[in-house]
Each structure stands twice: as C-alpha cells, then as structure tokens.
Protein chains: 2
Amino acid sequence: MRPPAAPKRVTLAQVAELAGVSVMTASYTYNRPGRVSEQARAKVLAAADRLGYAGPDPSARSLRRGSTRTLGVVLGEHLNYAFEDPQAASFLAGIAEVCAGRGYGMTILPVTGAADDAERIRTAAVDGFIVWTTSDDDPVLEAVRAMKRPAVVHGGPAVRGLALVGIDNRAAARAAGAVAFAGAERPAVLSFPLSRERISSVSSGTDPAGVLFPVTRERLEGYRQAAGAAGIAWADVLVAVCARNDAAEAEQVTATLLAAPEPPDAVAAMSDQLAAGVVRAAGAAGLLLPDDLAVTGWDDGAVAAELGLTTVAQSLRDQGTACAYLALGEKPVSTAAPWSVVRRGSTRH
Amino acid sequence: MRPPAAPKRVTLAQVAELAGVSVMTASYTYNRPGRVSEQARAKVLAAADRLGYAGPDPSARSLRRGSTRTLGVVLGEHLNYAFEDPQAASFLAGIAEVCAGRGYGMTILPVTGAADDAERIRTAAVDGFIVWTTSDDDPVLEAVRAMKRPAVVHGGPAVRGLALVGIDNRAAARAAGAVAFAGAERPAVLSFPLSRERISSVSSGTDPAGVLFPVTRERLEGYRQAAGAAGIAWADVLVAVCARNDAAEAEQVTATLLAAPEPPDAVAAMSDQLAAGVVRAAGAAGLLLPDDLAVTGWDDGAVAAELGLTTVAQSLRDQGTACAYLALGEKPVSTAAPWSVVRRGSTRH
DNA sequence: CTGTTAGCGCATTCAA
DNA sequence: TTGAATGCGCTAACAG
C-alpha cells in the first residue's frame, strides 16, 4: 500500500490564468514582491485565495533553484537518548536558531544502525549535513561524505572531507582530571559506553585505544594523563561505564563502587548527569564532599551549578550554531570550541 | 549573498550514458532493482561509482512523485524549551520511530512567534504536519490548515480540518485534583504559563476561561471542579504560575508560598518537574509529605517514580506515534489517548 | 513592470 | 527486460 496521494495541487499556472497575468507575474508575487505592481499583486493573491493556492510547491522550487534550504542533522543511537540528553538539546537549539534566522528548515535524520541508514542519508533533501558525534566506524560518515555537500561532524570522529567542531576533549579531561584527582589516592572515572553495545562495566587500567567513540576515548586519555601527572598508575584507576547518561544509573554504579573494601576517593565523570548520581550516592553513603570524595562533572549545565560541581564548561549551543554555519557553507567563527574548568566545592582545593 | 550553489550534480542521464543504457534502466536500478538485469545493474552502478553519483536527486524525485516522504513537526515557543522538556522529547522520539520505520524524514519547523512563521510553514517540503500544542490564537494553525495536507495537533487547540491527539486534560486534572485536595484545607495549583508572555504570578480564583493555552486551561478547569467537589471555593485556591517547566523555579515559587502566613497544604502541579520542585521546597521547609503537604505531578516520568509522586500517567511517546500515523494519512489506533492517576506516597490516603 | 522561453532531474506512462 | 517521450511545478535568464 502506497502512501495516500497528496491532494490535487493547485498550480501557479492556474492562479496566473485566473488572475489574467503571466505565470511569471504570479511567481514574482511570491518571490520578488517588489517587482510586481500593486494591482497585479492583488489580482494574483485574490486568485490564489479563490483557488486555495497555498504558495509555490517546495519540491518544484527546490529542484528549480538547486537548493532545498534545509539542513540535515544526523542523530545516531536511539532517538530517546538523543532527545533526552540536555546537551544534545542545546546543540539542536543552536542549529535551529541559525536555521530559523536563515529561513532554513532542519531535518532530523535518525540513524538506527540498520542497513537502511545510508539510504536515509542519500534520500534526504538537504543542502548540508550535521552529524552528532558517533563512532569511528559508523558507515553513516561515508554516506554523508558521498553526498558531496557541506558537512560537519560534531565531537568526532574526524573524517577527511568533513569539518569537525568540538572542544579538545583530551586537554579538557586532563585539566578536569588534574583537579579531580588532586590529593586523591584511589581515583575513578565514570564513563560513557566504550562500544556501540552500551554495556555497563567496571574495570581498571582500561585502554582508551580500544574505544570506538572518539569523544569518550579522548576523555579517557586525558584522565589517564591526569592520573599519571598526579603520580597514580592508570592500572589502579577504576573505570566504571554507565550504559546511559543518567543520574539514576550513575548513583547505583557509584553505590557499588563505594561499598567496595577500598572505595574511590575521587570520581571524574563524563557528564554532569553522571556526576549528579555520584553526589547522590555519596550523600546516601554519608560521605562529605570534597574531603571524603571529590567529584567532577562535564558540561556545566544547570545541575552543576545547583550541586556545586567542579566541571568542564562548554557551550553546546554555540557549537551547534558553528556546525550550522559550516553546513550552510559559511565559515564559522571557529571550529575549535572554547572550554574551561569551573571550580566549585566538589573538589579539593 | 546567496547560499553557495550545491556542487555540480551528476545526473542520472550522465550515469546512463556512461553505462551505455537508457535513463530508465538507470532509474530502475535505483527504484525497481528487480526489473533490471544483473548486467545492466552492474554497469549502472559501476558508472555511478566512477562519476561519484550519490543517487537520485531528492527534490526531483519528490516533484516527480508528488510526495516528499517527510513529516513536518511544528514546535512553538523557544526551541530551548521544546527540546529540554522530557515529555516533548518522548513525543518526538515516538514520531521519529514511525518515520524511521517508513523511511520518512522528519523536519523540525521552529515557530518563533514572528511574522515569518507562516512563511516557514508554507515553504516546508513535507507531506504532513504535526503541531505541538499551542495557543488558541496561534496563526500557525491557519497556515497549516491552508496547506491542505494531513495535519494533526497534539494537545490542542482543536481546529476544524486538523486531527487532534491527546488525553482528556480536564478529566485527568479533576481526578488528580481529587486525590491532591483530599483532606486539604488550603489547596494550590502550580501551573504552566497562562499567556504567551510566560509571566510568573500568584493569584487566586483564576478564571480558566481567560487562558489561551487549551491544555493549561482544561487542567485548570479540572482542578477547579476537583476543588468544588472537595468543598473548597475556587476563589480560595491559589494558582501559582511558573514561567518555565523547571524544578528550580518551582522550588523557589513554592518556598514563597510556604512562607506565607497560611501556607497551602496541598499542591497540584501540572508537571512532574514542577512537582519535584515542590517536594524539594517542602523538604527544605521541614514539611512531611503527605501530611503537611500533599503533592501531585503530571506525566509519570522517571522523577515521579523516584520521588514517590502521585501523578497523571500518559505516554507522550504513544501520542507521538499516533500523531505520526495521522500525519501520514493513516488511521491511528486512537486519537483519545489513555491516562490514569498513579497513586504514590505524596498524597493522603 | 511584465512576459516568453527553457529546462532543473527524475519516474510514470506506454510501446518495443 | 528495456527504451522514448512527456511533464511534475516552478523560476533564472533574458527580452520587451
């Protein structure tokens, strides 16, 4: 069963005929109002109104001008996660702002990991692509590149032919880790998933090189460097993986860690959400921050300020706008986004 | 400055020529692979590969077949709010699921309240529209109707010619209010904004009829009926409006209410987020739930379960899928969505 | 200010 | 299984 046909369209030609003008005058009425006399304009609009003409057909228009005036945003994994992640929300809002200002649309291209992902990219009627951070081996990246349109990846991986927008995650993790691990003896990392399978796990001495998500990998590398600089062997650092970026799961995972014989005394978390879970678990265990347990988050969202979290500040919204400019084929202010460590009471001084 | 021209497109005709076949054989290779011989297919794909042909042009295809295979989702107010609202996220995920299954795209149409909103609707290359709940007087509704495509409004307002999906907010508020206000003497309502201006305020005996957002209006009406049934005059019921659907603001507003000489002993909130703020304010004031203060939320999100909130359960995700089916021109399972009151420890028994 | 011409790239006919 | 013709609805480019 095919999709129901669109209702019989009224065409510009019909409007023009009823108005007693040429098709071009009708077209100008919609596209270059200044070039049409007041009377002609009135006649065209009256005719359009009588016929119920809703304006030029977008597809025909796109074909004719060779541009759809729409940007495509590729969101991987489950859309649930994508939309529920407050940082992704800010990012999308940044894109939407630019689109709205330019009169552009914004098409969400959900990627499920199934075989038809590439197909969905190929059939997308968009002028440019923005890819939300994904894994090194995601075939969608090649599909996007094959479209030969302006395209940008947020976060990573870096792909030849595609622009890249994001912060230096390694440097930021190194800096945040330095604060988190200062004076600690048994630091731990609360990490995003290490593989597409999103498996929760706890291990130590985790080799970052095996991680396919570049953002996660670089942050692990940064934390490792920070541990080394603090005189702590990476092999002694626990890495606990949360399948979801979710305070509840982080709380549970942290509670388990804290119940161990030698519980961690510092946790560097890859998001404020995860850090919030750590804070809650610490409270439940009767620990005092930062002396019993130091905690750092990531993103400097509203939660971080509320909880007094030391965290990595970055603006996903600004990164979204930068991506949008690149996807429009314009030069953005910069592709290396700024970041900083915001120190609050959750870490030792 | 015009948008940068798309890169010179390789056309199907060029591919066909290089492959030594007709244009139609090339077209069939992409659209009806079964109708093309293995050799012809191979020749076409080889030629496409050599030329870097990325597949049929989506705009041309849409024009030809009269369908864009894309749904438009109209999101009002600030996109920040839209994306940050977890319920909106579920709703979008529900739509995205259906779109992904059908091979459809999903275009976000941000509506800013400016004059060009209608224009953005008119130029959207979509087969159907889904409008996220808005105010009675939103001009976007008329713009959508004028497109004469399948269209559905979520939540409200009801518009002739557009389908409507949502729960019976009045009945649900009456039921939730009955539980919230049971045994209470000074009930209050924590409400969404009453006007587009999103002004925070506290008043009593607020006339629901003046509220332009149908969802908010109907909930107020339901709460009023519940108050009446509990023997409490509506004029004695405080209605506190939060500008944002945000626990932090709700906490602050509630703290103010609780500091009054005759503080409320029951609060019916229009979302779990707002209710969470109430719970926090109550905790800070040293009040015990439900005896000192009864609280109800709305949506039965993760927060509600965590906090033991009595709340109105509904599935925004299912409502999203229902909207998607309607916008595709298919009949959904139902347009009147189910709801129920989930009783937990935050209300009196 | 208005009109004529031409064709964007493709897929639905219909014929071979 | 393949191909030729046709036009989807519109607007750039150029006359008048």
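Chain naming here is simple, since letters A, B, ... match the order of the sequence lines and numbering starts at 1 in each.
A straight line from CD of B:E17 to P of D:dA4 spans 12 Å, rounded to a whole angstrom. One atom, CG of A:N31, and another, C1' of C:dC1, lie 16 Å apart when rounded to the nearest Å. Between the NZ atom of A:K43 and the C1' atom of C:dT2 there is a distance of 11 Å, given to the nearest Å. The nearest whole Å value for the distance from the CG atom in B:L51 to the P atom in C:dG9 is 14 Å. Distance A:R35 CZ to D:dA12 C1': 10 Å, rounded to the nearest Å. Taking atom CG of A:L12 as the reference point, atom P of D:dC8 lies 13 Å away to the nearest angstrom. Summarising the geometry, the separation between CZ on A:R122 and P on C:dC10 is reported as 14 Å, rounded to the nearest angstrom. Rounded to a whole Å, the CD atom of B:Q14 is 10 Å from the C1' atom of C:dG9.
The pair B:E97-B:R102 fails the salt-bridge criterion, with no side-chain N (NZ, NE, NH1 or NH2) lying under 4.0 Å from an Asp/Glu carboxylate O. A salt bridge is defined here as a Lys NZ or Arg NE, NH1 or NH2 lying under 4.0 Å from an Asp or Glu carboxylate O, and A:R120 with A:D116 meets this definition.
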For residues 36-47 of chain B, run the donor-acceptor check on the side chains, cut-off 3.5 Å, and write out each pair with its distance to 0.1 Å, sequence neighbours left out.
{"unit_1": "B:S37", "atom_1": "OG", "unit_2": "B:A40", "atom_2": "N", "d": "3.2"}

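There is a side-chain donor-acceptor pair under 3.5 Å between B:R196 and B:S135.
Within the 4.0 Å cut-off from OP1 or OP2 of D:dT2, at least one side-chain nitrogen or oxygen of B:S37 is found. For B:R32 and C:dT12, the shortest distance from a side-chain N or O to OP1 or OP2 is below 4.0 Å. OP1 and OP2 of D:dA12 both lie 4.0 Å or more from every side-chain N or O belonging to A:R64.
Nucleic acid contact class of B:L63 (heavy atoms, under 4.0 Å, all strands): base.
The CG atom of B:L328 lies 8.0 Å from the CG atom of B:D127; values are rounded to the nearest 0.5 Å.
Closest to the side chain of A:D57, out of C:dC10, D:dG9, D:dT11, is D:dG9.
In terms of position on DNA chain D, the residue among B:R65 and B:R41 whose nearest nucleotide sits closer to the 5' end is B:R41.
With hydrogens and angles ignored, the 3.5 Å screen pairs a side-chain donor or acceptor of A:S90 with a backbone N or O of A:P86.
The aromatic rings of B:Y30 and B:Y53 lie perpendicular to each other, with more than 60° between the two planes, well past the 30° mark.
Of the residues in residues 18-30 of chain A, those lying under 4.0 Å from DNA chain C by heavy-atom distance are A:V21, A:S22, A:M24, A:T25, A:Y28.
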